[in-house]
Amino acid sequence: MEVSVSAQKILKDGEGKVSGLVIKSEANGAEEAISTNAVVIATGGFLNNPQLLKEETGYDPDKIININSGKNTGDGQKLAWAAGAQRVAKGTLMAFNGYLNDPTNPPYKYWYSEMNTAASLQSLLFVNEQGDRFVNEQVTDNFADCGNVFLHQNAVYSIIDQATVDYLSKKGLLKIIEIYYEDINKPLSHLQEQIDEALTQKLPFIHKANSIEDLVKKLSLTNLKPTVERYNELCKKGIDEDFGKDFHFLVSVERGPFYAFDLGVGAFTTLGGLKTDLDNHVLDRNGKIIDGLYAIGADAAGKLCGDTYSPNICGTCAGYCAYSGRKAALDIAKNLTR
């Protein structure tokens, strides 16, 4: 049995019910039609399709760091749309925290990077394309909140001084990162080495300067100098009067050299695109069931309210994948016994 095949078209009978699927051999390009009365779309969205990402969500694909298999290219959704499925709730993605924005290397390189941990997960100073602080940096405690707020900036930079690099390298973390580091007293002993290597390679996401003024010139961050001055003032007070960040994370930016890390937004998948009912039947443009066509998981618009990724409980997306898959399978099994 050949398994290296791709689906090309969903076939329907005269009554509009699913009757088959056209598949193509990836080995020799030959196509054939197979008969079936049920097709399940379970292709995980279209995060790895830059064109669809831009057209369907409005987000800048250059800002999105894809943390997945690389196979989520929207093929299943395009099949369903071509078969008359309704496009709906496709305006968002499952975003999480900031992530080093390096188009020259695969994203997985930084999954356990100490440099990525320091720049994006320690609730240090974040500024936008104007050099303005825009959020309580503890937003990194919640993937959905952080991803949403980062996506509404044209650019995000993490600003760190040498004193902070030295502290993280020799003393330990400012906060525990449960997925990566559970011991707050364990230093990021490779942090300086990773920073120096990135600078030597002239990787596009990292910038170093001897003064804040030089960073302003390098990155055109017009308001960075007054932002840093105000932030340092708040650090000395120990009270974040502007955004309410806990004083433990009010770490001043005073001793050069200074580093700016360009952060994209990490993401796992897009969410939605195919309207379904409670049994995960795909609905057509008139809201009627396309008999025999199902969508589950990230392909189905079954978990969102509007177009914002808002779940704040770990496993919400995975839970819906399992639940929706079971619902579709039970309905298919019920119809087979009729």
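For the numbers below, each heavy atom of this structure counts, side chains included, while hydrogens, waters and symmetry mates do not. Count residues from 1 along the sequence.
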With a 4.0 Å cut-off, would you call [X] and [Y] a salt bridge?
X    : Y    : answer
K9   : E31  : no
E229 : K225 : yes
K24  : E32  : no
K334 : D331 : yes

Around atom [atom1] of [X], are there more than 12 heavy atoms from other residues, nucleotides or ligands closer than 6.0 Å?
X    : atom1 : answer
Y167 : OH    : yes
Q201 : CD    : yes
K109 : NZ    : yes

[atom1]-[atom2] distance between [X] and [Y], expressed to the nearest 0.5 angstrom:
X    : Y    : atom1 : atom2 : value
I195 : E114 : CD1   : CD    : 10.0 Å
S324 : L278 : OG    : CG    : 12.0 Å
L151 : D60  : CG    : CG    : 10.0 Å
L124 : I160 : CG    : CD1   : 5.0 Å
S123 : N136 : OG    : CG    : 7.5 Å

[X]: what forms a ring pair (Phe, Tyr, Trp, His ring centres under 6.0 Å) with it, not counting sequence neighbours?
X    : answer
F268 : F96
F261 : none
Y259 : none
H281 : Y294

Validation row: [X], [Y] side chains within 4.5 angstrom (heavy atoms):
X    : Y    : result
T140 : F126 : yes
N154 : N128 : no
P103 : P204 : yes
V18  : N37  : no

Original post:
Looking at residues at least two apart in the chain, or sitting in another chain, which of them share a side chain to side chain donor-acceptor pair (under 3.5 Å) with N68?
Top reply: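 Partners of N68 by the side chain to side chain donor-acceptor pair (under 3.5 Å) criterion, ordered by chain and then number, come out as N48, N72.
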No-hydrogen, no-angle side-chain donor-acceptor test under 3.5 Å, [X] and [Y]:
X    : Y    : value
T43  : D299 : yes
Q153 : Q130 : no
Q194 : S113 : yes

Original post:
Can you check whether F243 and F134 have ring centres sitting under 6.0 Å from each other?
Top reply: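 So the answer is no for these two rings.
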Subject >> Of all pairs that satisfy salt bridge (charged side-chain N to carboxylate O under 4.0 Å, His left out), the ones with a partner from residues 146-170, not counting sequence neighbours >> reply: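 Checked against salt bridge (charged side-chain N to carboxylate O under 4.0 Å, His left out) - neighbours excluded - the pairs reaching residues 146-170 are D166-R255.
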Subject >> Where at least one partner belongs to residues 266-293, residue pairs that pass salt bridge (charged side-chain N to carboxylate O under 4.0 Å, His left out), sequence neighbours excluded >> reply: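 For residues 266-293: D279-K327.
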**OP:** Report the C-alpha distance between S6 and Q8 in whole Å, list the side-chain angles of each, state the deciding distance to 0.1 Å, and finish with yes or no for side-chain hydrogen bond (donor to acceptor under 3.5 Å, both in side chains).
**Re:** CA-CA 6 Å; S6 58; Q8 300 296 305; 2.9 Å; yes
[X]: salt bridge (charged side-chain N to carboxylate O under 4.0 Å, His left out) partners, not counting sequence neighbours:
X    : answer
D141 : K175
K12  : none
E233 : R230, K237

Original post:
When Ile, Leu, Val, Met, Phe, Trp and Tyr are grouped by side-chain heavy atoms lying under 4.5 Å apart, directly or through other members, which residues fall in the same group as L215?
Top reply: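 Its cluster mates, by chain and number, are L125, V127, Y157, I159, I212, V216, L219, L221, L224, V228, Y231, F247, L250, V253, F258.
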Original post:
In the hydrophobic cluster built from side-chain contacts under 4.5 Å, what are the other members alongside L234?
Top reply: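 Listed partners: none, L234 stands alone.
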